[in-house]
Every structure is written in C-alpha cells, then in structure tokens.
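As structure tokens, the structure follows; a few thoughts come after it.
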Amino acid sequence: DRPRSVLIATSIFLLLLAYFGGRALMRGADTAQDQPAQAAAEQTDAKPEVVVRPITLEPHTVVATLKGRTEADRAVAVKAETTGRVTATPAIEGSVVDAGATLCRLDVEAREVNLNRAKADFDAKAIEWNAARELVDKGWSSTSAAAAAKAMYDAAKASVDAAQIELDRTAIRAPFPGVFDRRAAEVGDFLSPGAECGTVIDLDPIRVVVEATEAQTARFSVGQSAEVELADGRIVDGTVRYVSRTSDGATRTFRVELNVANPDYTIAAGLTASIRVEVGEAPATLVSPALLVLHDDGRVGLRYVDETDRVQFTPVDIIDDAPTGVWVTGLPTGSRLMASGQDYIREGIDVIPISAEGL
C-alpha cells in the first residue's frame, strides 16, 4: 500500500504543478499582448490638453504712444523799465489777466509834473509855430524863421511823448493775456530797471512736449493730428507744431511739440501726458492681456501650438489697446493660440489641442 500512496501523491503533485505552470504561461502571454496598448495609453495620458483658437491676422493701425509733459506756450518774467518804489500789486497770483493789465504800480514821483511841464511848453511852441506860419503866409517873415519855430514845436512834442512814456512805465503791465503765475515784488520794494515784478504764462494753446527716438521722429510731421491723454484721464486733441532736427546729446532723442487748445486754462503746465499717433498699418491679432507671458530671457510674448501639436513661443509687439484686449504683432499665420496654460506649459511640449471659438 505504501508504494501505491506514494504514486498517488506524486501524481497529484504533478497535476498541480502542470496546472499552475499553465496558468503562469497564459498570464505571461496576456501581459505581453497588453504592453503595447498600455504603453500607448500611458503616452496619450502624458500629453496635456490645452484650449486653442486659430490665429487670425488683420490689418490694424499702428499707434505710437510716447510719454511727455505739458508746458506753457510762453512764460515771461515781466520786469520794470524805470526806477521806483512799488505802491500797489493789483494782480492776484494765479489769476487770469488780460493783455495790458497792471501787475505792479510804481510811485510816479516827479514824472507827472514833468509831463505837465512838457505839455505846457508844447502848447507855447505850438502857438509860436502857428504865428510864424501866418507871418510867412503874409510875406512878413522868412521861411527860415518858420522852420525854426517848427523845429522847436517838434522838440516840444517829443518831450511830451518822452514824459508820457516815462509816466506809463510806472505801471508794469501784462504783455499778453494769460495767468499771473508768480509775484516777485511786494508793496514797498524798490525796483530798478530790469528788476522783476512777476511772471505771466500763456496757457492757450498749451504745449505738450515728448522725446521721440530716431525711428519715431520720422513718423511725425508738422500739422499732424494726435490724441493726448492727460494724467487725470482726460483725452484731448493735439496738433504737431514742431519736430526737432537735432537730437539731445545725452539721450539721443528728438524733441516733438504739440499744441492743445486750452481756452479755459483748465490744463496746467507740468502735467504728465501721453500722446498717441497713428504711424501706419500692420497685420495684428486681438488677444487678452492676461495671455501675455514674460520669457526667461526677458522678452514679452505668447505661446502657441504649431501644426505638429507642439507648443512654441514667439515674442510680440503691442501696437494698440482696446476695451476687449490688446493688438499684437509677431504671431505666425496658421498657428493656434493657447487660450489656457500660457504660464505653465512650456515650449517644446506636445499637447492635445482642444478647439475653442475665442478667448
């Protein structure tokens, strides 16, 4: 019986060994068959999905934006033309004054007396000249005597004019309409010829000054219209009045000046201003500013998907802005703009693009 039991146990062992060995071989074959499909699935899962839209280029006006400042069209330090003590300062600092308005008044002293004396002498010389002419007309006097009387008459008239001018100089007046910006003399100050009474500035038109590069300067011309945005958000129209033909030695930029109408003097001098000038057309596309990225090398640009479904980067130039985005140039025609993943999906990565109608 013992050999029989050993034989039965051995048979059972061999049957189990064959069973489990067959199962192992079947699993190995199934695994080998599934490996290509699993590898393909893993490769597909490794590609991120991104939303894209076709890039459409269309002609758009290129607008140059330059920063500058406002300046008074004229600023004159009004000075005394004669000596005298200041007796009145009727103009208020910051007030609007007309041409000829008195800014400072000097003591007339003896000037009025001198004028009255010159007038009296002129009246006497006028009588003498009239009498001399009558005598010549009647033949009772020579023409030389009448000429001498006429010379004395003319000299007396000149004395009256000189005395009047001297008296008028005691009133220091505004040379043009504008704003009395700053008073330099007070009542009691003694002014000599050339001493300053105050400053008058002309703010209409007001001048907007910008510094343009060599390339930008070529796009400006006298009489050209431009849009000016002030620091407080106001937008006004301007006209180019001057384009410098000599660059600044330090900055290598060119001075460009624009005139802006300012009849109510609401635009002050010294304000920050930006001008926008149309300088041509270029093929551009409208994108959201949120899509712009800063590359590692410092360039501003956009990432897009090329025809092989691979992410690429291109630098772009912003040529204009709009309420719905910014107009940029530099995107290649026929590519697809990434509407998502601009910040974290780098160039060179293969992706699965998903089409979208817009940003």
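The model shown is predicted, which means the values in this text are computed figures rather than measured ones.
- Side-chain contact check for Val86 versus Glu186: every heavy-atom pair is 4.5 Å or farther apart.
- Using a 4.5 Å heavy-atom cutoff, the side chains of Arg53 and Met338 are not in contact.
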Result block: side-chain N/O donor-acceptor pairs under 3.5 angstrom for residues 327-335, not counting sequence neighbours:
residue, atom, partner, partner atom, Å
Ser335, OG, Pro332, O, 2.7

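- Salt bridge present: Arg255 and Glu257 bring a charged side-chain N and a carboxylate O closer than 4.0 Å.
- A donor and an acceptor atom, one from each side chain of Arg111 and Asn114, are nowhere located under 3.5 Å apart.
- Summarising the geometry, atom CG belonging to Leu337 is positioned 6.0 Å from atom CG belonging to Leu291; distances are rounded to the nearest 0.5 Å.
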Please list, one pair per line, the donor and acceptor atoms closer than 3.5 Å that link side chains of residues 169-183 to other protein atoms, with sequence neighbours excluded.
residue, atom, partner, partner atom, Å
Thr170, OG1, Leu167, O, 2.5
Arg173, NH1, Gly100, O, 3.2
Arg173, NH1, Thr102, OG1, 3.1
Arg182, NH2, Glu196, OE2, 2.7
Arg182, NH2, Thr199, OG1, 3.3
Arg183, NH2, Ala91, O, 2.5

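- Glu214 and Thr217 share no donor-acceptor pair across their side chains, judged by distance under 3.5 Å alone.
- Ring orientation note: the planes of Tyr153 and Trp129 are close to parallel, at an angle under 30° on the 30°/60° scale.
- Legend: disulfide (SG to SG under 2.5 Å) pairs involving residues 144-236, not counting sequence neighbours, sorted by first then second residue: Cys104-Cys197.
- Side chains of Glu112 and Asn116: a donor-acceptor N/O pair is absent below 3.5 angstrom, by distance only.
- With a 4.5 Å cut-off on side-chain heavy atoms, Pro59 and Glu281 count as touching.
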